[in-house]
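To start, the structure under review is shown below, and the notes come after it.
What you see is a predicted model, and the numbers here were worked out from it, not measured in a lab.
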Amino acid sequence: MNILIAEDQRIIQKIHQLMLENWGFNVDIASNGAKAVEISNKKRGVFDLCIMDVSMPVMNGIEATRAIRKSQPYFPIMGYTSAPDYRDQCLQAGMDEVTLKPCQSNHLFEIIKELTSKPLAINVSNGALSISKVMPMNQEELQELRELKKQGLTKLKLVGLGHSFVVHKNIQNKISHDLIGQSKELSEFIDRSPSEPGRCHLYKANLHVTKDLFLPTELDEAIQKEDEIAARYDSATDENSGTPNV
């Protein structure tokens, strides 16, 4: 995962760089807001998150966030400041969250995990199926993912078909096991969308999905059974689900 740190104080730059690299992240450093805009433009689409100091020379973090939001595809930005009064301005400029300095390492790690929540995407190209995590489309989708994550859920998209489902956080591992590992033509999962929960049948050949809606009396039992199945894949977690070594 790639993180851009926009920070003018060298000691904080170094601390965060060492800490994030120790957690397994790739880090770029910008010494002011203008540099953050320049680097994000140069590495367009690369960053999973920016940790943006608010008070910086040349261009402050609020101005830099506005510039990035006007010129870049969406990626999350976390404001970092010792002044709580800046929170509303930061959020209005387009930041997704604001964290106060100083921040304990464990708390920072949890915020990074939450802000880098991503939907799953299933794609078939030249007969080969792939499952990957993709950047949220916008702040609204990130907020949706953050809420789902608290429930142990995530969002699953079918590339090119416009369909999305609310699913168990580990369901990609079951689908991958069925369709890739076992070379099956069909995998099942539960769409837990509150409006229309149902058992989905995903066909490998064309990503076609059929869904059988549940009766109210059937849903809880079906979810419990899928939770038990999904728990078997708990070891195959996302790249930033561990604990920091600091």
Side-chain angles (χ1 to χ4, degrees), residues 1-10 12-17 19-21 23-101 103 108 111-121 123 132-149 154-155 157 159-160 162 164 238-240:
M1 192 163 66
N2 302 299
I3 297 181
L4 173 61
I5 299 174
E7 172 64 58
D8 63 308
Q9 297 186 44
R10 290 188 178 275
I12 297 179
Q13 287 178 9
K14 196 64 177 177
I15 290 172
H16 280 177
Q17 181 177 7
M19 187 163 55
L20 268 62
E21 288 178 348
W23 293 340
F25 304 139
N26 301 314
V27 175
D28 281 75
I29 303 288
S31 57
N32 58 61
K35 284 289 185 184
V37 175
E38 178 184 335
I39 292 172
S40 64
N41 280 327
K42 183 178 180 181
K43 295 190 172 184
R44 188 180 180 88
V46 167
F47 294 111
D48 299 277
L49 175 68
C50 175
I51 299 176
M52 181 78 76
D53 183 27
V54 174
S55 300
M56 292 183 289
V58 184
M59 179 185 285
N60 66 40
I62 293 173
E63 294 169 333
T65 298
R66 291 196 185 107
I68 288 171
R69 289 289 181 245
K70 288 179 181 178
S71 64
Q72 291 285 308
Y74 173 76
F75 65 95
I77 299 175
M78 184 195 88
Y80 198 51
T81 178
S82 57
D85 292 345
Y86 282 129
R87 179 176 179 83
D88 287 345
Q89 294 180 59
C90 290
L91 296 177
Q92 290 170 9
M95 294 184 189
D96 299 276
E97 188 58 84
V98 182
T99 301
L100 293 179
K101 296 180 181 180
C103 181
L108 179 62
I111 294 172
I112 291 173
K113 282 206 306 180
E114 187 174 331
L115 288 178
T116 53
S117 300
K118 296 179 179 180
L120 301 168
N123 187 31
S132 60
K133 293 186 177 182
V134 297
M135 188 64 68
M137 294 185 297
N138 49 42
Q139 290 180 301
E140 289 74 22
E141 186 171 30
L142 176 60
Q143 185 58 37
E144 178 187 4
L145 292 166
R146 293 171 71 180
E147 292 301 319
L148 289 173
K149 192 168 188 174
T154 191
K155 193 172 180 181
K157 298 179 176 182
V159 174
S164 64
D238 64 351
E239 72 271 16
N240 61 343

Going by heavy atoms in the side chains, are M135 and P73 under 4.5 Å from each other?
-> no

Check: Q139 side chain, G94 main-chain N or O, donor-acceptor pair, under 3.5 Å | yes

What is the minimum heavy-atom distance between L108 and C103, and which atoms define it?
-> N-SG, 3.6 Å

Charged N to carboxylate O below 4.0 Å: is that the case for E97 and R87?
-> yes

D53 vs K101 side-chain heavy atoms within contact, under 4.5 Å = yes

Residues in ring-ring contact (aromatic ring centres under 6.0 Å, His included) contact with F75, at least two apart in sequence or another chain = none

Approximate separation, where rounding is to 0.5 Å, of L148 CG and E141 CD = 9.5 Å

Provide the closest heavy-atom pair for D8 versus S55 in the form atom of the first, atom of the second, distance.
-> OD1-O, 3.5 Å

Validation row: V134, P119 side chains within 4.5 angstrom (heavy atoms) = yes

Q143 and E147 side chains, donor-acceptor separation under 3.5 Å | yes

Out of curiosity, C90 SG to D85 CG, how far, rounded to the nearest 0.5 Å?
-> 11.0 Å

Looking only at side chains, do N2 and N26 share a donor and an acceptor under 3.5 Å apart?
-> yes

Under the criterion side chain to side chain contact (heavy atoms under 4.5 Å, CB included), which of I15, L49, I51 is the partner of L20?
-> I51

Check: M1 and K133 side chains under 4.5 Å, non-hydrogen atoms | no

Among all residues two or more places apart in sequence or in another chain, which pass the side chain to side chain donor-acceptor pair (under 3.5 Å) test with N138?
-> none

Of all the heavy-atom pairs spanning L100 and Y80, show the shortest one and how long it is.
-> O-CE1, 4.1 Å

Looking only at heavy atoms, the pair that brings P136 and Y74 closest together is O-CD2, 3.3 Å

Search all heavy atoms of I3 against all heavy atoms of F47 and return the closest pair with its distance.
-> C-CD2, 3.9 Å

What distance separates M95 CE from T65 OG1, expressed to the nearest 0.5 Å?
-> 3.5 Å

From M56 CE over to E7 CD, what is the distance, rounded to the nearest 0.5 angstrom?
-> 7.5 Å

S31 backbone acceptor or donor facing R10 side chain under 3.5 Å = no

Just checking, any donor-acceptor pair under 3.5 angstrom between side chains of Q17 and Q13?
-> no

In terms of heavy-atom contacts, S117 and L145 come closest through O-CD1, 3.7 Å

Find the distance between NZ (K42) and CG (D28) and round it off to the nearest 0.5 Å.
-> 9.5 Å

Non-hydrogen side-chain atoms of L4 and K43 separated by less than 4.5 Å | no

Would you indicate whether K155, at its atom NZ, is surrounded by more than 12 heavy atoms from other residues, nucleotides or ligands within a distance under 6.0 Å?
-> yes

Once you round to the nearest 0.5 Å, how far does CG of N32 lie from CD of E63?
-> 11.0 Å

Under 4.5 Å between any side-chain heavy atoms of T154 and K149, yes or no?
-> no

Is the NZ atom of K14 crowded by more than 12 outside heavy atoms at less than 6.0 Å?
-> no

Can you tell me if D96 uses its side chain to pair, donor with acceptor, with the backbone of I77 under 3.5 Å?
-> yes

Report yes if the side chains of V54 and N60 come closer than 4.5 Å at any heavy-atom pair, otherwise no.
-> no

